Every structure is written in C-alpha cells, then in structure tokens.
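Everything numeric in this text was worked out from a predicted model, so none of it was measured. Chain naming here is simple, since letters A, B, ... match the order of the sequence lines and numbering starts at 1 in each.
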There are 4 protein chains.
Amino acid sequence: MDEQEIGILRLGLDFSQPLYEQIVEQMRGAIARGEIALGEKIPSVRELAHGLKINPNTVMSAYKELERDGLTETRRGQGTFITSAQEKVDDFRSEWAEQVIDEFLGKMENLGYTVDDIQLVIQRKKEDKE
Amino acid sequence: MDEQEIGILRLGLDFSQPLYEQIVEQMRGAIARGEIALGEKIPSVRELAHGLKINPNTVMSAYKELERDGLTETRRGQGTFITSAQEKVDDFRSEWAEQVIDEFLGKMENLGYTVDDIQLVIQRKKEDKE
Amino acid sequence: MDEQEIGILRLGLDFSQPLYEQIVEQMRGAIARGEIALGEKIPSVRELAHGLKINPNTVMSAYKELERDGLTETRRGQGTFITSAQEKVDDFRSEWAEQVIDEFLGKMENLGYTVDDIQLVIQRKKEDKE
Amino acid sequence: MDEQEIGILRLGLDFSQPLYEQIVEQMRGAIARGEIALGEKIPSVRELAHGLKINPNTVMSAYKELERDGLTETRRGQGTFITSAQEKVDDFRSEWAEQVIDEFLGKMENLGYTVDDIQLVIQRKKEDKE
DNA sequence: GTGGTCTAGACCACG
DNA sequence: GTGGTCTAGACCACA
C-alpha cells in the first residue's frame with residue numbers, strides 16, 4: 001500500500017479492488033469528512049495519475065464517477081472542483097452510510113446475529129481500541 | 001417470477017453479486033444459524049445446478065469455497081456433507097463476523113462516523129423495525 | 001453514416017458527436033420506442049464493437065451509461081439485457097423528453113419566439129412532410 | 001454569488017456548456033430579439049474578458065463565431081459592431097431556429113413521440129406557466 | 001495547461 | 001463465451 005501525497009490528498013492503493021474505485025472511495029471519504037473544502041480544486045487527472053503512478057484513464061474513470069455522485073464539478077479547461085453545495089455532500093454522506101449499514105446488518109443477520117449482539121460486538125471493538 | 005428455490009436455497013434476480021457467492025453466503029448463513037444439521041448431506045453439484053437452473057461450474061465454485069472455509073467435507077463416492085465438528089462452524093462464524101464488522105467499521109470511519117455515531121444509527125434502525 | 005445491422009439493431013455512426021453517445025442515444029430510442037422487448041439480450045460488447053468497426057472499450061462506455069440510466073441490466077458472464085421493468089423505461093422516456101423540451105423551449109425563447117410561434121412552426125413542418 | 005455581468009451579458013455557474021458558446025448564444029439572442037441595436041458597437045475583447053473575469057481567448061472564440069454567423073463586423077482600429085443589415089439578422093434568426101427545431105424534432109422522434117404528441121406536450125407546458 | 005474521447009491490446013473474473 | 005479493469009499512447013476542444 002504505497003502511500004503518495006498528491007496536493008492535499010494522501011492516497012494509497014492496493015490491488016485487491018479496482019484502482020479507480022479506491023480513488024473514488026478515498027475521495028468520497030475526504031470530502032465527507034470535510035478534509036477537502038467545498039469548491040476546492042482537486043488534483044488534475046494527469047497530476048494524480050503521475051503521483052499514483054497509474055494511467056490517466058484510470059483516474060478519469062474515478063473522476064467521472066465522483067461527478068455522477070454530484071460530489072464534484074468539472075470545468076472544461078480549468079480542472080475538477082468539489083461541489084460548492086454542502087447539501088449535496090450531506091445527502092451523499094447519509095445515503096451512502098445508509099447503504100453501508102443495510103448491507104452490514106443483512107450480512108450479520110444472515111449469520112444469526114441479532115441487533116443486540118451486533119451492538120455488543122461493536123462496543124467491545126471500541127473498548128479494545130482504547 | 002424468475003426465482004428458483006431448492007431446499008433452503010433461494011436465488012432471486014440479484015446480479016450485483018456473483019451467483020456463486022450468493023450460494024456460498026446462503027449456505028454459510030444456514031449452517032451458522034443451525035438450519036442445516038451438522039453432518040448432513042447437501043445436494044450434489046448436478047442436483048443443485050439443475051434445481052436452480054444454473055451452470056454446474058457456478059455451483060462447483062461455491063462448493064469449493066465452502067470446503068476452503070472448512071464448513072463442508074467431500075467424501076469420495078458419497079457426496080458433500082456439512083462438517084460434523086460444531087467447533088469448526090463456531091470458529092468460522094466468529095471469524096467471518098469479525099471480518100464483516102471490520103470492513104463495516106472501516107467504511108463508516110472513512111465517511112467520518114465515530115463508533116458512537118454508528119451505535120446510534122443502528123439503535124435507530126432497530127427501533128424503526130419495531 | 002455507414003449503417004450496420006447488429007442483432008436486432010440498425011445502427012449508424014458519424015463523427016460529429018462522441019461515438020459512445022451515439023450508441024447510447026440510438027439504444028435509448030430503440031428501447032423507448034419498444035423496438036427491443038423488455039428483458040431481451042442486446043448484442044455483446046465485442047459483437048457490437050466488431051459490427052460497428054469500433055473499439056470494444058467505446059461500446060463498454062455506452063453500455064455502462066445505459067446501465068446507469070436503469071435501462072439495462074448486466075449479468076456477469078451472460079451478457080447485457082434490457083431491464084424487464086416497463087416502469088423504468090417509461091420513467092426514463094418521460095424524464096428524457098422533459099429535458100429535451102425544456103432545452104428546446106429555452107433556445108427558442110432566447111431567439112424571441114413565443115410558444116405560439118413555436119406551435120405554428122412545428123405545425124408547418126408537419127404539413128411540409130405530408 | 002459568483003455571477004458576472006456586463007451589459008446584456010450574464011454568465012452564471014453553468015459549466016455544462018463551453019463558456020464561449022454561452023456568450024455566443026446570449027449575444028445571438030440579444031441581437032435576434034432586438035435588444036442590441038443594429039450597427040451598435042459591442043465591448044472589445046479585452047473589456048468583455050475583464051468584465052466577465054474570464055480568459056480573453058474565450059471571448060475571442062465567441063466573437064469569431066458571431067462574425068462567422070454574419071451578425072457582427074470587425075472594423076480595423078474601431079472595434080466590433082453589430083451588422084447594420086436587418087436582413088442578415090432575420091436570415092440568421094430563421095436559419096438558426098430551423099436548425100434548433102430540426103434537432104428537437106429528431107430527438108423527440110427518436111423517443112417515439114409523434115408531432116401531435118409534441119404539440120400536446122408544449123401546449124401543456126404553456127398552460128403550466130400561466 | 002485542463003478534461004474528454006478513442007484505439008490497440010492485455011489480463012481477469014464469472015458462468 | 002460474457003463483462004470489467006488497466007495500460008500506453010494518440011488526438012481533440014476549451015480556457
């Protein structure tokens with residue numbers, strides 16, 4: 001997991017998942033956590049590709065998906081920017097979380113865990129970390 | 001309805017996940033929840049493939065993964081059986097849950113949710129259901 | 001505008017617009033007009049690419065967009081199929097038309113045409129054809 | 001609000017269309033609707049670029065297209081002027097409208113709408129506005 | 001400089 | 001066989 005700093009981002013990629021998806025997820029995270037300010041420019045396709053040592057087309061795929069998500073806006077000849085609408089970011093964050101949670105609960109229930117079991121396990125996880 | 005069913009398995013119209021994985025997950029769930037008794041024989045590859053109207057190769061992949069998990073045993077000339085060691089089932093269940101939970105927590109933290117946030121959201125989900 | 005027949009489709013491409021967009025539009029049209037039945041398989045990426053003498057990646061782009069639109073469903077290892085939900089097709093058709101109409105009315109009003117003017121011109125167009 | 005305005009031109013935050021085209025369309029509209037008098041001088045490239053806070057090259061492209069349309073004339077040492085031939089404006093307006101209408105009808109027919117359908121939808125749009 | 005489209009050709013996972 | 005990801009490298013439109 002070679003980590004690279006590109007602009008304000010610190011990205012690391014592995015090979016167990018499509019590269020472009022990893023970029024998308026890490027960007028989504030950085031935006032949702034507010035590490036990139038609204039309206040801010042993100043690295044150009046070429047810049048990021050060079051920094052991560054991957055093909056520009058791969059970065060393009062990632063950037064297009066972010067735009068479809070409504071998280072970025074691309075301005076021809078200028079670059080790619082985070083949306084300036086806080087609302088879009090918030091909507092995306094909660095929808096995305098909802099989806100992740102439902103998938104998780106489904107898998108756990110499939111294994112026979114009740115919601116109470118789940119709460120307990122998470123609680124234990126939390127205490128382990130401390 | 002295009003849904004196919006055989007024994008405890010039910011395949012619907014979900015193509016977002018590989019078919020063989022869907023079979024694996026349903027089997028894993030049924031075993032973990034004790035719906036299939038230890039030592040019980042499961043359908044042959046050909047039987048299941050025919051029953052679900054899918055390619056035998058697909059069933060084959062699923063059965064191989066279950067065997068790798070240590071949940072089934074193949075007895076030459078007799079067929080495939082659920083392991084008769086309760087211990088193996090329990091180990092698998094907790095390891096698998098651990099993995100699911102870690103993946104979940106990772107995704108949620110990526111979106112900027114703390115463990116407390118997560119506990120809250122799950123609690124609310126639970127109350128919604130009731 | 002070399003027209004090629006591929007499966008049930010008759011597609012023709014020019015170079016004044018991105019190739020993948022032309023494929024998307026022609027497919028959308030064929031689906032909206034009901035020329036391809038719901039649930040039907042469309043040509044494989046390679047088949048269509050070969051038929052149109054273009055690169056498979058270009059066809060892939062088009063097919064991905066159709067899937068994002070909810071008009072197709074892709075089944076790994078099997079192919080790409082028109083959605084079997086009539087509702088999705090209808091929704092897409094009316095949303096798409098709405099968008100086309102708004103864009104049109106905007107342009108015409110920009111040129112100083114009133115809605116009545118527009119109705120008249122279209123009427124005349126219609127009579128010309130007959 | 002990031003909106004920039006100069007004279008009759010107003011540039012908003014629309015990046016779905018090239019900037020230079022937006023300028024061209026607004027100019028065309030203003031001329032066709034008679035909001036700019038025939039023979040009138042329009043701002044110099046530099047003035048407009050500065051007023052709209054955009055790159056002079058962008059304005060340049062727009063002005064070139066207007067001249068190709070026959071709507072403006074460049075007089076050496078004096079600047080750019082709207083054509084003083086009413087005829088040219090009228091010709092342009094009807095040709096342009098023709099083109100817009102044909103494109104629109106093509107798209108709608110692609111979606112399976114008949115001319116009558118289209119008339120109806122536009123009628124409904126009109127009534128909605130009132 | 002920016003994003004966007006396209007090709008040629010490789011390799012992978014799935015059924 | 002199917003779709004999907006990735007690379008290398010070309011060329012275009014826009015600012």
What is the distance, rounded to the nearest whole Å, between atom [atom1] of [X] and atom [atom2] of [N]?
X       : N      : atom1 : atom2 : result
B/Gln17 : E/dG15 : CD    : C1'   : 15 Å
D/Glu65 : F/dA13 : CD    : C1'   : 13 Å
A/Gln78 : F/dC14 : CD    : C1'   : 9 Å
C/Ile54 : E/dG9  : CD1   : P     : 16 Å
A/Leu48 : E/dG4  : CG    : P     : 14 Å
A/Lys64 : E/dG4  : NZ    : P     : 6 Å
C/Leu13 : E/dT7  : CG    : C1'   : 15 Å
A/Gln22 : F/dT5  : CD    : C1'   : 12 Å

Distance (rounded to the nearest 0.5 Å) between D/Met27 CE and D/Leu71 CG: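 With rounding to 0.5 Å, CE (D/Met27) is 10.5 Å from CG (D/Leu71).
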
Is the backbone of C/Asp14 close enough, under 3.5 Å, to the side chain of C/Gln22 for a donor and an acceptor to pair up by distance?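 Yes; at least one donor-acceptor contact below 3.5 Å.
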
Does [X] place a side-chain N or O at less than 4.0 Å from the phosphate oxygens OP1/OP2 of [N]?
X       : N     : value
C/Tyr20 : E/dT5 : yes
C/Lys41 : F/dG3 : no
A/Thr74 : E/dG3 : no

Heavy atoms, side chains only, cut-off 4.5 Å: are A/Glu98 and A/Asp102 in contact?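 Yes; the side chains approach each other to less than 4.5 Å.
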
Can you list the steps and then say if C/Gln26 with C/Leu13 is a side chain to side chain contact (heavy atoms under 4.5 Å, CB included)? CA-CA 10 Å; C/Gln26 295 190 28; C/Leu13 304 180; 4.3 Å; yes

From the list [options], which nucleotide is the closest neighbour of the side chain of [X]?
X       : options              : result
C/Ser44 : F/dT7, E/dT5, F/dG3  : F/dG3
C/Val45 : F/dG3, F/dC6, E/dC6  : F/dG3
A/Glu21 : F/dC14, E/dT7, F/dT5 : F/dT5

Tell me whether the count of non-hydrogen atoms from other residues, nucleotides or ligands lying under 6.0 Å of CD in D/Gln17 goes above 12.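 More than 12 within 6.0 Å, yes.
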
Give a yes or no on whether D/Arg46 atom CZ has more than 12 heavy-atom contacts from other residues, nucleotides or ligands under 6.0 Å away.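 Atom CZ in D/Arg46 is not crowded, with 12 or fewer foreign heavy atoms closer than 6.0 Å.
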
Has the side chain of C/Arg46 got a donor or acceptor atom sitting under 3.5 Å from an opposite partner on the base of F/dG1?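 Result: no qualifying N/O pair found.
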
Counter-base of E/dT5, judged by Watson-Crick or G-U geometry with both distances under 3.5 Å: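 Answer to the pairing question: F/dA10, which forms a Watson-Crick or G-U pair with E/dT5.
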
Face-on cation placement of B/Arg28 at B/Phe92 ring, 6.0 Å and 45° thresholds: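 Because its charged atom misses either the 6.0 Å distance or the 45° angle limit, B/Arg28 does not stack over B/Phe92.
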
Contact list for DNA chain F against residues 55-62 of chain D - heavy-atom distance below 4.0 Å: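 D/Asn55, D/Thr58 - these, ordered by number, are the residues of the stretch whose heavy atoms sit under 4.0 Å from the strand.
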
Pairing of B/Lys64 and B/Glu67 as salt bridge, 4.0 angstrom limit: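 No, no charged N to carboxylate O under 4.0 Å.
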
Heavy-atom nearest nucleotide on DNA chain F for A/Gly77 versus C/Thr80: which residue maps closer to 5'?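 The residue closer to the strand's 5' end, by nearest nucleotide, is C/Thr80.
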
Base, sugar-phosphate or nothing for B/Leu19? Non-hydrogen atoms, less than 4.0 Å.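 The answer is sugar-phosphate, as B/Leu19 gets under 4.0 Å only of primed atoms, P, OP1 or OP2.
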
